[in-house]
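Some notes on the structure that comes next.
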There are 2 protein chains.
Amino acid sequence: MSQPDTKQRLLDAAECLFAAEGFHSTSLRAITGKAEANLAAVKYHFGSKEALLEAVLKRRLVPLNRVRQERLEALRMAARQSGVRPPTEAVLRAFIEPTLAFRDSGAGAEAFLQLVGRAIAEPDDTIRNLFMQLMKPIFLLIYDTLGDALPELSDTERFWRLHFSLGALSHAMCLVGRFQILPQGVAPRPEADDLTKMLVNFLKVGMEAPCD
Amino acid sequence: MSQPDTKQRLLDAAECLFAAEGFHSTSLRAITGKAEANLAAVKYHFGSKEALLEAVLKRRLVPLNRVRQERLEALRMAARQSGVRPPTEAVLRAFIEPTLAFRDSGAGAEAFLQLVGRAIAEPDDTIRNLFMQLMKPIFLLIYDTLGDALPELSDTERFWRLHFSLGALSHAMCLVGRFQILPQGVAPRPEADDLTKMLVNFLKVGMEAPCD
DNA sequence: GAATAAATCAAACGTTTGTTTTAATATGCG
DNA sequence: CGCATATTAAAACAAACGTTTGATTTATTC
């Protein structure tokens, strides 16, 4: 090998291009071109274009979800032992903080956030199912943990408020770095910490709002 | 003409397919096949595939945004005359209520909501620019009206809270009708009224939350 | 009813797509 | 060295894409 792992270069290039152009609009020729690899390299190392997408998603999403899972389960554990409810804000933070902090963790990370933020609304069944399969466990865990934090909330309200929150998060993830409409007086690119603070602060009160 | 307007049938078919499969994944052959029209009909009536998308978007989005604009401007007017701030909830409702109520207005309306809910995160520049051009005026108007309602809020906070809200709304729009993860005890498809109430209720407190 | 315009049609265009095949090259090991 | 395995390279594949063409049918106008 001349350069670091072709496999790695393909993952990096695919992540970047999938995020910028979308999965279907990105050709294997564009990916292998950017990665300075041969066209057949994708088939050789991954098997297919879809398998490449799966690898791109898993590379970052599995560790990220593991962190989220650990933080959420630690919250449940601590709450159960001390006999008090986990604070809503802590539950939201356990899910959101790793996501947006992740943004500054490396070169392709920001692109990856766009990719994931868009995957949640993906029209293609194969892609959405792949993404949902990766997200379902953590989704159900935060749903349950929010139930611990807000036991008086009905299942339906909790479900929809969680989805409103996921929508706000994914939208924030997509928006980071690509603004289309910027009114005067608005900082173009907040720090990850500030964005997390704003988002958690916004969602917390929504989650805890009385139902009527 | 054998059937009602080919142009109309093309719009309906395209709306449905764009929503279900996405713009790039929908072929002109699929559209003209569903519309029972000739392949060249799109070129003849609209000029191109992109122009067809523009027509699909404008057909519903222009009237919808007109309603939103009227309601928002009526709020500003009433507030200015009475000397009190427009209520945050009313501002949100002016924007959201027409959207979700629209869902029950016709056959393709629900599909259209998915299409629009996804367009906001669209990777393709041409599509996103087209959508943004249609949405920019109403976006700036609600941004200003929220400024009337919440003058103590900083521009940056107001901007991001608005985006969180748009994310929640677009996510709710995409989700309507296609659930992937349904915990027990959750109603699968709330009425538009109920969904609006939940969403507005959720966003209102987030908008009005203290900054720290 | 002839002449003009509007609409539809089947067929083919050149390109690009993901995939596959076959050959060449580098690498590791005894 | 020589063999075997892993990787890269180049070329070709059929299929699908949006677009275009030129002929034909339908509708409108004088």
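Note: hydrogens, waters and symmetry copies are ignored here, and every other heavy atom, side chains too, is used. In this text the structure is predicted, and so the values were computed from the model without any measurement. Below, chains carry the letters A, B, ... as their sequence lines are ordered, and counting in each starts from 1.
- Within the structure, every side-chain polar atom (N or O) of A:Lys43 is placed at least 4.0 Å from both OP1 and OP2 of C:dT19.
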request  = Walk me through it: do B:Cys16 and B:Lys34 pass the test side-chain contact (heavy atoms from CB on, under 4.5 Å)?
outcome  = CA-CA 10 Å; B:Cys16 177; B:Lys34 186 181 175 77; 3.8 Å; yes
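- Atom pair A:Glu21:CD and C:dT17:C1' shows a separation of 16 Å (rounding to whole Å applied).
- Residue A:Tyr44 contributes atom OH, which lies 17 Å from atom P of C:dT25 at whole-angstrom precision.
- The side chain of B:Asn38 contributes an N or O atom lying less than 4.0 Å from OP1 or OP2 of C:dA10.
- In this structure, B:Ser25 reaches neither bases nor backbone, as no heavy-atom distance under 4.0 Å exists between it and the strands shown.
- Contact check, B:Thr6 against C:dT8: a side-chain N or O comes under 4.0 Å of OP1 or OP2.
- B:Thr88 and B:Glu208 share a side-chain donor-acceptor pair at under 3.5 Å.
- We find that CZ of A:Arg29 is positioned 16 Å from P of D:dA9, with the value rounded to whole Å.
- Judged by the 6.0 Å and 45° rule, A:Arg71 forms no cation-pi pair with A:Phe95.
- With rounding to whole Å, A:Leu52 atom CG is found 10 Å from C:dT19 atom P.
- For the pair A:Leu10 CG and D:dT7 C1', the computed distance is 12 Å after rounding to whole Å.
- For B:Arg68 and B:Thr99, the side-chain atoms include at least one donor-acceptor pair closer than 3.5 Å.
- Per the geometry, CG belonging to B:Leu39 stands 10 Å off P belonging to D:dT19, to the nearest Å.
- We find that CZ of A:Phe46 is positioned 18 Å from C1' of C:dT20, with the value rounded to whole Å.
- Between B:Ser27 and D:dA16 there is no side-chain polar atom (N or O) within less than 4.0 angstrom of OP1 or OP2.
- Contact annotation for B:Thr32: no contact, since no heavy-atom pair falls under 4.0 Å across all strands.
- Residue B:His45 places at least one side-chain N or O under 4.0 Å from the OP1 or OP2 atom of C:dT8.
- At the heavy-atom level, A:Ala40 lies under 4.0 Å from base atoms of the strands shown.
- One atom, CG of A:Leu28, and another, P of D:dA11, lie 19 Å apart when rounded to the nearest Å.
- Taking the side chain as every heavy atom from C-beta outward, B:Leu203 and A:Phe164 never approach each other to under 4.5 Å.
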